[in-house]
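Heads up, the thing below is written out as structure tokens.
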Amino acid sequence: ALCKDAGDGNALRIAMYGSTKDLTTRAAKHLESLSPHARVVTAINPPFRPLSPGEAVEHSAALAEAAPNLVLVAMGCPEQERVIADWYHHIPSALWVGVGGTFDFLAGERKRAPRLFRATGTEWIVRMFKNQPGSAGGTWAETFRHSCGSCRDAFCNAVAALTLEL
């Protein structure tokens, strides 16, 4: 929606951080096709490992030098949130958004879940059944265990909050 609404003589300068070069290249073309005012000014593809201190400085400086007004960080949770928290001060005027696997969708690599699942926040159920056991997405058992753990944690947090209110 931001790309479609870009205009009024002001270009939407987009920085993309994360994923692979192939995916970000295809996703960038799609973003730029949404509006003549949307322009990807940099795309950085970090290695799939923790950055060295030197790499972190280099990547954050490259983002700042590009002067984007929108920074899309696609690294998955919680890593993308850490990057945003650590680097936000380099470009505080930009809108920073953790977008997870969105570059895959923009590049046409993956299809979105049906609208009903998206509207109800249960898109993960569709992904769980689409991921093949042993694939990069993990196994069904791992996804189920993670989901159960998340539900358990949410329940425990809710009970703790209610207990504090009493």
Side-chain angles (χ1 to χ4, degrees), residues 1-3 6 10-35 37-113 118 121 123-124 126-128 130-154 157:
L2 283 172
C3 291
N10 297 321
L12 178 61
R13 298 173 50 83
I14 305 167
M16 301 173 73
Y17 189 81
S19 195
T20 64
K21 185 174 183 174
D22 176 54
L23 279 176
T24 53
T25 300
R26 290 187 286 146
K29 286 180 184 175
H30 179 76
L31 284 172
E32 290 177 337
S33 75
L34 296 175
S35 168
H37 302 287
R39 190 164 60 108
V40 175
V41 293
T42 191
I44 300 172
N45 311 107
F48 289 92
R49 60 167 170 73
L51 296 178
S52 69
E55 288 171 325
V57 167
E58 179 184 323
H59 291 192
S60 61
L63 284 173
E65 186 176 320
N69 7 46
L70 175 63
V71 181
L72 303 175
V73 183
M75 300 180 73
C77 182
E79 188 57 33
Q80 65 194 17
E81 284 74 18
R82 287 187 190 121
V83 166
I84 292 168
D86 292 345
W87 296 357
Y88 172 82
H89 69 277
H90 292 289
I91 321 168
S93 60
L95 173 63
W96 291 72
V97 184
V99 295
T102 301
F103 293 176
D104 292 344
F105 298 113
L106 293 173
E109 191 72 19
R110 288 187 180 193
K111 289 187 178 186
R112 298 284 313 265
R118 294 191 316 242
E123 213 170 337
W124 63 272
V126 174
R127 283 196 224 110
M128 179 176 76
K130 282 190 173 184
N131 285 344
Q132 298 298 315
S135 71
T139 65
W140 295 336
E142 289 168 348
T143 303
F144 183 73
R145 274 196 307 274
H146 174 74
S147 300
C148 288
S150 296
C151 291
R152 182 196 67 235
D153 293 346
N157 290 340

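If you're wondering where the values come from, they're calculated on a predicted model, not measured in any experiment.
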Reference residue R13; test side-chain contact (heavy atoms from CB on, under 4.5 Å); the match among V40, L70, N69: N69
For the student: nearest non-hydrogen atoms of P46 and M75, plus distance: CG-CE, 4.2 Å
Closest heavy-atom pair and its distance - L51, P47: CD2-CD, 3.6 Å
L31 and M16, any side-chain heavy atoms less than 4.5 Å apart: yes
Check: E55 side chain, S52 main-chain N or O, donor-acceptor pair, under 3.5 Å: yes
Residues K29 and E32 bridged, charged N to O under 4.0 Å: no
Close side-chain approach of L63 to H90, heavy-atom, < 4.5 Å: no
Minimum side-chain heavy-atom gap H37-L12 below 4.5 Å: no
Neighbour count >12 (heavy atoms, 6.0 Å) for atom CD, E65: no
Side-chain heavy-atom pair F48, T20 within 4.5 angstrom cut-off: yes
Beyond-backbone contact of I91 with P68, side-chain heavy atoms, under 4.5 angstrom: yes
Name of the residue among T102, I44, I84 meeting side-chain contact (heavy atoms from CB on, under 4.5 Å) with V73: I84
Flag side-chain contact, heavy atom, 4.5 Å: F103 against N45: no
Sidechain-backbone polar pair: E109 side chain, D104 backbone, donor-acceptor under 3.5 Å: no
Over all atoms of both residues, closest heavy-atom pair of R26 and D22: NH2-OD2, 2.9 Å
Heavy-atom closest contact (Y17 atom, H59 atom, distance): OH-ND1, 2.8 Å
